[in-house]
Visitor: 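Pasting a structure here, questions to come.
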Amino acid sequence: MGRQTQRKDDLLVSSNFIRAVRESGYVSLSTALAELIDNSLQAAATKVAVTVTRPKPGGLPEIGVEDDGEGMSRSRLEACLRFGGSSRFDERQSFGRFGMGLPAASLSQARRVEVTSWQNGQVANRVCLDVDAIAAGTPVDLRARRQPGVTTGSGCLVTWQHCDRIEYQRLAWLERALRRDLGRIYRRFLSNGDVTLTLNGRRVDPVDPMLLTAKIEGYSGGLAFEPLRYELAASSGRTAFVTVRFAMLPVQHWHHLDNATKRRSGIVGGAGVSILRAGREIATGWHLMGAKRKENYDDWWRCEIEFDPVLDEHFGITINKQGIRPSQVLQEALGSELEAIARLLNSRVRQAFEEVKFQAATEASCRVAAAADVDLPVIPTSGRGSGALSYRIGSEQLSIDKMFASSLKRRTLDVTLNVDHPAFAALYRPLQKLGDEAAGELRTALELFLLSFARTTTLLSRDGHNCDDLLRMWSRTYGRMLQKS
């Protein structure tokens, strides 16, 4: 073929345009690859297989994405590598919008892309786009070519050849990163069983940044509140909801983990907001948090915002679906409330860490109490034995009329001090002014006094006495005396 002749009225200079497209702004291989998986899901695929290989030792990697979707007709196949050639241009029902994803994502990572498709077991057809050929002036030819071989059912295979933008030197590292990223981007679909995604033959598991389904040391994160819903109107006249969920991580159970485990598990470095469009993650970051700045404590809570593509204009969706630009309407509708919640959760995390430090400082008192328990009257409990008790002291906000609350579960007497009662500050604040040894002795004596009182009222309650009124009256009396002191 001869060199391409550029007409004066042509909108694009192909050789320059194709180079420019390679800089289309995909932040990672995972986000580029997600464009292909989006297409598979839009084609009603239930199985998507990603393969990453290196055809020649030391050579450039090759990536393939094959699905069992509805496939493409010959005419659609010939349009799929044209920029804006999608048959679903500007649809607001699923992932795609502008028909730019397949060609732009492919050329951002590879120098050559081939798309093969087949329908109903009929002969397969293939089209290709080659960066080097176009840059050299070869006319673009997107006619489909029939491929030899037998096919079954319908499907599509996209192959990226000469992938020269991949930073990972070892494919094992690349595979690990892809599993993490794709598992997070498509977590909803993988969890629901809507699609089976494999990478080099192994299933990709869902990755939940909220850590609601994770089991670390036997514990998971939990929803901080019921999901929030905001109804917004689009310029089309339609309305749709934005759903916001917040999660808190269990500081008490995970704070002791080493930094490597926290990072590997997604506890550290996972702070922020995950934005989902049609169930697919399109952005992560510190979005819609108003004037609240991100701090280390913010690692311990998470936010997830999900919206319908009808509301794309409010989220300012980019062509490559890798970020958002919130509209003023969206910021006014969500910003102030989400900022207030972010500050509240930050405060809760701080309080949780203070509680952890408080509990650590009470361990000495609890050990002494447990050692003495074998010589004290037995408190009968149903179920797990009737031996000596163990003890735990914690602190949190309780009803102001109680200095503390106690409960006996699984042979552990749990005493929770009320940080809002005047006694908490009156008893613990002076300890900070003493030396370590004197403070330790006084603290142990103080906490043994509280544990002995709690144990006695628990024993009397098991014998049928109503000690709740006694505790309230004592707390009220002691509080009033402290206020007069």
Side-chain angles (χ1 to χ4, degrees), residues 11 20-21 23-28 30-43 79-80 82-105 108 184-189 209-210 227-246 272-292 302-342:
L11 180 61
V21 166
E23 312 302 328
S24 52
Y26 285 92
V27 297
S28 68
S30 300
T31 55
L33 201 55
E35 296 279 11
L36 276 57
I37 299 173
D38 286 353
N39 291 341
S40 296
L41 294 179
Q42 280 194 276
C80 75
R82 298 181 184 276
F83 293 88
S86 172
S87 60
R88 307 184 185 98
F89 187 83
D90 205 26
E91 277 192 3
R92 303 296 181 93
Q93 299 174 352
S94 190
F95 306 112
R97 273 288 301 276
F98 304 111
M100 301 286 284
L102 173 55
S108 76
R184 174 171 173 147
I185 292 172
Y186 295 103
R187 59 185 180 269
R188 289 289 179 81
F189 302 90
M210 303 276 277
L228 308 174
R229 301 187 78 204
Y230 303 84
E231 188 173 16
L232 297 178
S235 58
S236 64
R238 296 177 58 188
T239 64
F241 286 94
V242 177
T243 303
V244 183
R245 299 195 305 164
F246 285 92
V273 183
S274 172
I275 309 291
L276 279 71
R277 176 182 182 267
R280 186 264 218 211
E281 184 177 82
I282 61 167
T284 61
W286 199 248
H287 302 291
L288 294 167
M289 290 292 114
K292 168 75 174 72
R302 305 293 160 83
C303 179
E304 184 179 79
I305 299 177
E306 186 170 2
F307 70 98
D308 188 280
V310 170
L311 300 177
D312 275 358
E313 64 198 71
H314 288 302
F315 284 83
I317 300 304
T318 60
I319 288 178
N320 52 24
K321 301 191 291 291
Q322 293 182 117
I324 64 169
R325 298 186 298 271
S327 69
Q328 189 65 32
V329 171
L330 181 64
Q331 294 189 52
E332 290 176 356
L334 278 67
S336 59
E337 186 169 9
L338 299 195
E339 178 185 347
I341 293 174

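What you see below is based on every heavy atom in this structure, not just the backbone, and it leaves out hydrogens, waters and symmetry mates. Note that this is a predicted model, so its numbers are computed, not measured.
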Visitor: Using the salt bridge (charged side-chain N to carboxylate O under 4.0 Å, His left out) rule, pick out the option among R188, R277, R229 that qualifies with E306.
Guide: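 Single pass found, and it is R188.
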
Visitor: Taking all non-hydrogen atoms of both residues, which atom of F307 and which atom of I275 are closest, and how far apart?
Guide: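 Scanning both residues completely, I find the closest heavy atoms to be CE2-CG2, 3.7 Å.
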
Visitor: Name the one of H287, R302, R187 that satisfies side chain to side chain donor-acceptor pair (under 3.5 Å) with S274?
Guide: R187

Visitor: Taking all atoms of both residues into account, what is the closest heavy-atom pair of C80 and P103, and its distance?
Guide: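 Minimum heavy-atom separation between C80 and P103: O-CD, 3.7 Å.
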
Visitor: With a 4.5 Å heavy-atom cut-off, do I305 and F315 have their side chains touching?
Guide: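 In short, these two side chains touch, coming nearer than 4.5 Å.
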
Visitor: Quick one: closest heavy-atom pair of E231 and F241, and the distance?
Guide: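 Distance-wise, the nearest heavy atoms are CB-CE2, 3.6 Å.
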
Visitor: Report yes if some heavy atom in the side chain of I341 is under 4.5 Å from a heavy atom in the side chain of L228; otherwise report no.
Guide: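 Side-chain contact under 4.5 Å: yes.
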
Visitor: Just verifying a value: how many Å separate Y230 OH and L311 CG, rounded to the nearest 0.5 Å?
Guide: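 Those atoms lie 14.0 Å apart.
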
Visitor: Tell me the closest heavy-atom pair linking P227 and T243, and the distance in Å.
Guide: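 That closest heavy-atom pairing would be CB-CG2, 4.2 Å.
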
Visitor: Under 4.0 Å between a Lys/Arg side-chain N and an Asp/Glu carboxylate O for R245 and E304?
Guide: yes

Visitor: Using every non-hydrogen atom in the two residues, find where A342 and M289 come nearest and quote the distance to one decimal.
Guide: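 For A342 and M289, the tightest heavy-atom pair comes out as CB-SD, 3.5 Å.
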
Visitor: Is there a side-chain contact between L338 and V273 (heavy atoms, below 4.5 Å)?
Guide: no

Visitor: I want to check something: taking the side chain as every heavy atom from C-beta on, are Q331 and L288 in contact at a cut-off of under 4.5 Å?
Guide: yes

Visitor: Calculate, to the nearest 0.5 Å, the distance between atoms CH2 and NZ belonging to W286 and K292 respectively.
Guide: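 Rounded to the nearest 0.5 Å, the CH2-NZ separation comes to 4.5 Å.
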
Visitor: Could you check whether any side-chain heavy atom of I324 comes within less than 4.5 Å of a side-chain heavy atom of I317, counting everything from C-beta outward?
Guide: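 Heavy-atom side-chain distance check passes, below 4.5 Å.
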
Visitor: Within the 4.5 Å heavy-atom criterion, are R184 and T284 side-chain neighbours or not?
Guide: yes

Visitor: Taking the side chain as every heavy atom from C-beta outward, state whether D38 and Y186 have any pair of such atoms under 4.5 Å apart.
Guide: yes

Visitor: Minimum heavy-atom separation for S327 to E313, with atom names?
Guide: CB-O, 4.2 Å

